[in-house]
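Report on the following structure.
Chain letters run A, B, ... following the sequence lines, proteins first and then strands; every chain starts at 1. We use all heavy atoms of the structure for the numbers below, so side chains are in, but hydrogens, waters and symmetry mates are not. No experiment lies behind these values; they were computed from the predicted model shown.
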Amino acid sequence: MERMALGKAITAGLRAAMDRDPRVVLMGEDIGKLGGVFRVTDGLQKDFGEDRVIDTPLAEAGIVGTATGMALRGYRPVCEIQFNGFVYPAVNQIVTQLAKLRARSRGRLSVPVVIRMPAGGGIGSVEHHSESPEALFAHVAGLRVVTPASAHDAYWMVQQSIASADPVLFLEPERRYWEKGDVDVDLAPGQVTPLHRARVLRAGTDATVVAYGPTVRLALDAAAAAAEDGTQLEVVDLRSISPMDVDTVAESVQRTGRLVVVQEAPTFFGAGAELAARVQERCFYSLEAPVQRVGGFHVPYPVARVEEHYLPGIDRVLDAVDRALAA
Amino acid sequence: MERMALGKAITAGLRAAMDRDPRVVLMGEDIGKLGGVFRVTDGLQKDFGEDRVIDTPLAEAGIVGTATGMALRGYRPVCEIQFNGFVYPAVNQIVTQLAKLRARSRGRLSVPVVIRMPAGGGIGSVEHHSESPEALFAHVAGLRVVTPASAHDAYWMVQQSIASADPVLFLEPERRYWEKGDVDVDLAPGQVTPLHRARVLRAGTDATVVAYGPTVRLALDAAAAAAEDGTQLEVVDLRSISPMDVDTVAESVQRTGRLVVVQEAPTFFGAGAELAARVQERCFYSLEAPVQRVGGFHVPYPVARVEEHYLPGIDRVLDAVDRALAA
Amino acid sequence: MSDAAAGPARTEPMVQLLDPSGVRRHHPEHDVDLAPDELRDVLRDLVLLRRLDAEAEALQRQGELGLWAGSRGQEGAQVGAARATRPHDQVFPTYRDHGAVLGRGIDPLHVLSLYRGTDHGGWDPAAHRVHPYTLVIAAQLLPAVGYGMGIQRDGAVGTGDPARDTAVIAYLGDGASSQGETAEALSWAAVFNAPVVFFCQNNQWAISEPVERQTRVPIHRRAEGAGMPGVLVDGNDVLACLAVVRSALDRARAGGGPTFVEAYTYRMGAHTTSDDPTRYRSAADVDAWRDKDPIDRFRAHLASEGLLDEAFETALAAEADAFAERLRAGVRALPEPDPAAMFDHAYAEPHTQVVEERDEFLAAWARHDEESAAITGGAR
Amino acid sequence: MSDAAAGPARTEPMVQLLDPSGVRRHHPEHDVDLAPDELRDVLRDLVLLRRLDAEAEALQRQGELGLWAGSRGQEGAQVGAARATRPHDQVFPTYRDHGAVLGRGIDPLHVLSLYRGTDHGGWDPAAHRVHPYTLVIAAQLLPAVGYGMGIQRDGAVGTGDPARDTAVIAYLGDGASSQGETAEALSWAAVFNAPVVFFCQNNQWAISEPVERQTRVPIHRRAEGAGMPGVLVDGNDVLACLAVVRSALDRARAGGGPTFVEAYTYRMGAHTTSDDPTRYRSAADVDAWRDKDPIDRFRAHLASEGLLDEAFETALAAEADAFAERLRAGVRALPEPDPAAMFDHAYAEPHTQVVEERDEFLAAWARHDEESAAITGGAR
Ligand SMILES: Cc1ncc(C[n+]2csc(CCOP(=O)(O)OP(=O)(O)O)c2C)c(N)n1
Ligand SMILES: Cc1ncc(C[n+]2csc(CCOP(=O)(O)OP(=O)(O)O)c2C)c(N)n1
Ligand SMILES: [Mg+2]
Ligand SMILES: [Mg+2]
């Protein structure tokens, strides 16, 4: 067991992957001497050299496009997109090439590229630095989308993502980078939770609350608060957006009869919609209330001074739980 | 009443808008002398000149980015993206600028840009020509996303989109371009169905089938087939993806108790998910069966020779209806 | 392995009207002839811009701003370019071009409101013909070109009527030169002969990356590949920047088409207040540029011209202090945004889902206010 | 209003080793010295490539192909470039570069399978070191550069060992030169000194748009802005294209970095079989290029060298007929894809939702087969 901040756990995971496999290379803006704006790659260029930790020109299409080419040559590139709002210049490469090359070649081409990016808000940033674009990528066939919520998962999931033969979007909960947690670095591969498996973090009987990335801590806090009023919430960390582990969620909902999904992204066309659609189908007869969604609003992410009102808070989670229990 | 093919109805709508307002300009690849690969802009450059019908360089970011700038100067640009699979280079301009400029400027800037593109498959094309990206844009706050299913709607909705002060993605059902229909060109503005209102095309009592764009005809055909077996399906043309007219759908589902959503896009994170999530919330007690989704699969659009198996067909729609009725 | 090639050492001569010691030089194509008062006004602009930077940095340290991106070292480039524009020209600045904004008479508190996090946009773009800051690198360039195409369609280019002919100036950095959209904007402007001046401040750094990481050749040579003139100017020479940008704007207004200007300068401060330059550049690197300071240089020039007397200096110092005081007080007095306002401008016309979300938000907010009022006895 | 500026009239001289009448010219930097058999092989490649085009066009008219994008007129450029590569070089072609594919020994039926709609990719990319056709304009260029960076990291550049040193050739069209990703790829390759040759066939048209709509300057001058040599070569001169691309690839393999080659040629046919060129270009425009036909020109050269005798011509004609016959029969014999296979390669490892969808699909398919079998008595 080692105690690490979530961001440092990613650093440790990257280091472990680079030690293990010389074909793992990192690419991104300011990831070298600076160590990235969140210092996630801190020290890696010093230790692995400029050929494996590449400070790239300021062009996201370039980062993902050249990473795709390196993967075609046999490398395993890990791209860093500096902030969630800056992934869009790379969307053409991600959607039309990276995601489709395997299918286009009927499995002959493999492009194991990982795209890391900070996601979510809550750190008082200026525009474009606080968005949660997971739904856009989850809708694109050929991509996998995952997000850790704890230091332990951050350490292991980044390594699992690098090991994946498919392209993976790895979303890092921005405002949790500094949150410390225990990381069990000594697990044998078999002991690590599979990358795309959801996990029940707290058992409960009255309702199931599903969260992922930055909202997991919120869901746990809400569950603690609800417990004081005698309401037992079961908290599930989804961990993977694509694929989505509906089995784990459905099993929980069959017991609790109620579901609340909490995300930072706008609810409209978000992950909560997909989960609600599947759960109402799988658990139609065990659902005692409509699935409730809590998330961002369908407006551009607001200015820092009001983001606390945009982001789901305990109040909004508990209101949704109340709505579910009231039905 | 005039009888027109859907594609020609769009041409007529564009022409009417350009006649009415000299600030309406068209921009795109091959839209001038060629009249666009689907001939939707046929004859417009000849009649309105090269300053208003602009053959652009081969760069989609350029098309949308410069259109945004022209809108800032007071013009009303209508962009044509040649095929749905080629919109991705423009995503950065669409998501970070076009969609957000109004909010960024607290309403002081207006960017009334329309982005037209053929959507959906079924015409035996090569890769990238048959996709349905509506969900990606519906998730982006600041954009409106609409799609006509008939010549009449095509004629009016394109004009309403141009008249909108907000940016609008206008998806044209590719395989319906040649489908003829009656267009009532003499309606007074007040008589035209509002742009974002869904419409019940066929009344029924046993289940509601919601479709949009290319799947509307499919839903109507399925309803006709079902009627032969004595099942009365109500068919709703959603028409607008963002905003979504849930009221009209909910009102129908409250009567029928059953809902099937049919789309060409992959169901995973698609429009059907959002509609299912909202309807299970709004109609929890009137729903007698889980909402059923019929759509594309979560795989890259397949080769032309098998697309009929990828696209929803009558069989799959009726299977979904059966599942809904069986519950 | 063979990797990153040698960077773009600046071989070509730069347009320079003041040498580093402030001695006036003359240039065959580019020159200016300013009256004494105009010259003093230029100094005033430079001094106030630098003061804005100092105050904003302090305010950020005190927690009054969330972030600050400083323009220290680039005042010559920014003031020169701003003074070259005419009121009806349209400006597309980046997040660092405070000189471009002040030069248009915009209240700097609008700029600070963005970095305080109370506003995304700030000023009224139409009133000042200055587009909001664009934070997505290079994303302002294609809209700038499109705006220029609109000007062409308005018939406001090449009429010879100074009150009518209009141009666009679009700012970008050295790092921005790597974005594909930048290349599209340049080539597009050339193909359509749009009245746009691209003003690239090469401050040698894109956060931690030196310009060599962005390009193999001097940035102004990008212009050749796009089909427009590229001019290299000493970005720490305010007169040279004024002269070069003015003639480029004149050319654009006259229908001569776009120009790309590379202003060779240096980012003296950190990238932003969240940056730590010690990780990637040496003090020596920075010191080498201190001697080229644009304000010292210009002041030396005015002194040698005998244009600086104590009265002026005292008045300027007093004005700067008042300016600073107004900033300090003004920032703290900036109105807190109304949370509900986030729903107001996502769309011009009502959007069903947004309206519903707004109503739910307001209801919940009111409810929780009552609750907490009940608990705290009103003190929330 | 002032709008689209004058296009890029080709002023600079092109590298040319054969003049339009087939007379051999010599060039100070670029030359080739092929043995008689090699020269005849080149003619064979040209003839077979043109035959592929003729057959494919016919097959499309007969409904055997869904679409066809022809290379007629560009054979000289494509055969020349293909012959310049070494087997271990990596090729990134566009949807029109059939000569690049044939030149690597790939069965043209793989190409036809893409246009028939039975396969997106065709051949085995690893076996031939040829990437699948990229249909998204310019999207193959950044991956090509990344591939080159991989070669650098493998230490397979500049070792002097011909069996080891490797380069990449990336194809693009004149229209592709407008995409931002193209500019990123060029500048990126220059910054990292990647072993990549960009081979741009300027066939004067991007569907209906003339090259003047894409660029204000000759396309090869884009190279200057990116920081690499740009070479203009007569794209209808197979020997010149071979010479220029060969030296560019040699340079890349030796660690000299990237080169941009513009092959000046013409798209003699329609953009694709769905296109109608009569809407946007005149017969005269096309006729002017007929006299520059790359195959006639090369044949004239071989004739003047006395390398063509009846025996060879008869043999070649026979080979072309056999080739054509094999294409016609082969296309009709191409296996129909298994619908269920669409689920197989979206992901390397199982994806829960895809697995579920596949199972439902197979169940429904079986069910409906039974039903329709019941109805039609098995004949579906
Ligand atoms: C598309 C995009 N990618 C990344 C960033 C993060 N970022 C902000 S400023 C910056 C460096 C910009 O350098 P330059 O263009 O030279 O401008 P300067 O900051 O030096 O004025 C980066 C990478 C961004 N804002 N936008
Ligand atoms: C990003 C993108 N936009 C639009 C298209 C549609 N399209 C296919 S080919 C073509 C013209 C390409 O011209 P050029 O690059 O000169 O190549 P050529 O066809 O002449 O060989 C266009 C616009 C596309 N395939 N990709
Ligand atoms: Mg810079
Ligand atoms: Mg071409």
Side-chain angles (χ1 to χ4, degrees), chain B residues 28-39 42 49-51 54-63 65 82-83 85-86 88-90 92 123-129 266-269 295-310 313-316 318-320 323, chain D residues 1 3-4 66-67 95 113-121 133 135-139 173-182 206-209 213-215 271 274-277 279-281 336-347 351 353-354 357-358 360-361 364-365 367-368 371:
Chain B
E29 297 156 7
D30 308 293
I31 67 170
K33 283 185 179 152
L34 186 62
V37 294
F38 288 107
R39 305 292 185 268
D42 193 14
E50 296 197 359
D51 281 352
I54 308 169
D55 266 329
T56 67
L58 208 176
E60 288 72 15
I63 294 170
Q82 199 161 75
F83 279 98
F86 308 140
Y88 299 106
N92 184 50
I123 65 168
S125 265
V126 289
E127 203 183 353
H128 310 292
H129 292 63
T267 50
F268 192 57
F269 279 82
F297 305 114
H298 192 63
V299 303
Y301 197 91
V303 292
R305 289 289 175 129
V306 303
E307 68 178 333
E308 62 173 300
H309 293 272
Y310 174 91
I314 289 191
D315 287 345
R316 282 172 58 202
L318 294 180
D319 284 351
R323 287 200 301 276
Chain D
M1 55 160 282
D3 200 331
L67 183 79
Y95 49 84
S113 72
L114 187 148
Y115 287 103
R116 183 175 174 87
T118 60
D119 195 327
H120 275 329
Y133 279 171
L135 274 56
V136 178
I137 296 299
D174 46 295
S177 70
S178 290
Q179 283 288 355
E181 285 190 12
T182 303
I207 305 187
S208 72
E209 301 192 7
R213 185 47 32 135
Q214 308 297 340
T215 173
H271 169 68
S274 338
D275 181 34
D276 173 10
R279 286 177 156 256
Y280 55 81
R281 73 182 187 187
E336 280 301 305
D338 166 14
M342 74 176 123
F343 296 98
D344 295 349
H345 301 297
Y347 293 90
H351 182 290
Q353 276 71 40
V354 176
E357 289 177 349
R358 181 170 190 280
E360 287 163 18
F361 170 81
W365 199 21
R367 197 164 57 249
H368 293 299
E371 287 166 15

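By the 4.5 Å heavy-atom criterion applied to side chains, Q353(D) and T267(B) are not counted as neighbours. Contact annotation: the side chain of Q82(B) approaches that of D30(B) to within less than 4.5 Å [non-hydrogen atoms, C-beta and beyond]. Counting heavy atoms from C-beta outward, F269(B) and H298(B) have side chains that stay 4.5 Å or more apart. By the 4.5 Å heavy-atom criterion applied to side chains, I137(D) and F86(B) are not counted as neighbours. Residues Y310(B) and P266(B) form a side-chain contact, since some pair of their non-hydrogen atoms from C-beta on lies under 4.5 Å apart.
Among V303(B), V299(B), V306(B), the residue with the largest count of heavy-atom pairs under 4.5 Å with chain D is V303(B). Of the residues considered (D338(D), D119(D), L67(D)), D119(D) shows the highest number of contacts with chain B, using heavy-atom pairs under 4.5 Å. Annotation: maximal heavy-atom pairing with chain D below 4.5 Å, among E60(B), E307(B), E308(B), R305(B), occurs at R305(B). By number of non-hydrogen pairs under 4.5 angstrom with chain D, the leading residue of I54(B), T56(B), V126(B), V37(B) is T56(B). The candidate with the highest count of non-hydrogen atom pairs below 4.5 Å against chain B, out of A341(D), A346(D), P339(D), is P339(D). With chain B as the partner, the residue from Q214(D), E181(D), H351(D) showing the most heavy-atom pairs under 4.5 Å is Q214(D).
For D55(B) (side chain) and I31(B) (main-chain N/O), a donor-acceptor pair under 3.5 Å exists by modelled atom type. Checked by atom type and distance alone, the side chain of R358(D) never pairs as donor or acceptor with a backbone atom of M342(D) at under 3.5 Å. R279(D) places a side-chain N or O within 3.5 Å of a backbone atom of L34(B) that can act as its donor or acceptor partner. Between the side chain of S113(D) and the main chain of T118(D), no donor-acceptor pair closer than 3.5 Å is present.
Of the two parts of Y133(D), neither the backbone nor the side chain holds a non-hydrogen atom closer than 4.5 Å to a non-hydrogen atom of chain B. Heavy atoms of V136(D) lying under 4.5 Å from chain B belong to its backbone as well as its side chain. Of the two parts of I207(D), the backbone and the side chain both hold a non-hydrogen atom closer than 4.5 Å to a non-hydrogen atom of chain B. With a threshold of 4.5 angstrom between heavy atoms, D174(D) does not approach chain B through any atom at all. Of the atoms belonging to L135(D), heavy atoms from both backbone and side chain fall under 4.5 Å from chain B. In this structure, chain B has heavy atoms under 4.5 Å from both the backbone and the side chain of R116(D). In this structure, no portion of N92(B) lies under 4.5 Å from any heavy atom of chain D. Contact annotation for H271(D): neither backbone nor side-chain heavy atoms come within less than 4.5 Å of a heavy atom of chain B. Contacts between Q179(D) and chain B at a heavy-atom distance below 4.5 Å involve backbone atoms as well as side-chain atoms. Proximity to chain B (any heavy atom under 4.5 Å) is restricted, for A176(D), to the backbone atoms N, CA, C and O. Contacts of E336(D) with chain B are made by side-chain atoms alone, with heavy-atom separations under 4.5 Å and no backbone atom involved. Within the 4.5 angstrom heavy-atom criterion, only side-chain atoms of P89(B), from C-beta onward, approach chain D.
Within the 6.0 Å centre-distance limit, the rings of F38(B) and F83(B) are counted as a close aromatic pair.
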Working for side-chain contact (heavy atoms from CB on, under 4.5 Å), residues E29(B) and I63(B): CA-CA 9 Å; E29(B) 297 156 7; I63(B) 294 170; 3.7 Å; yes
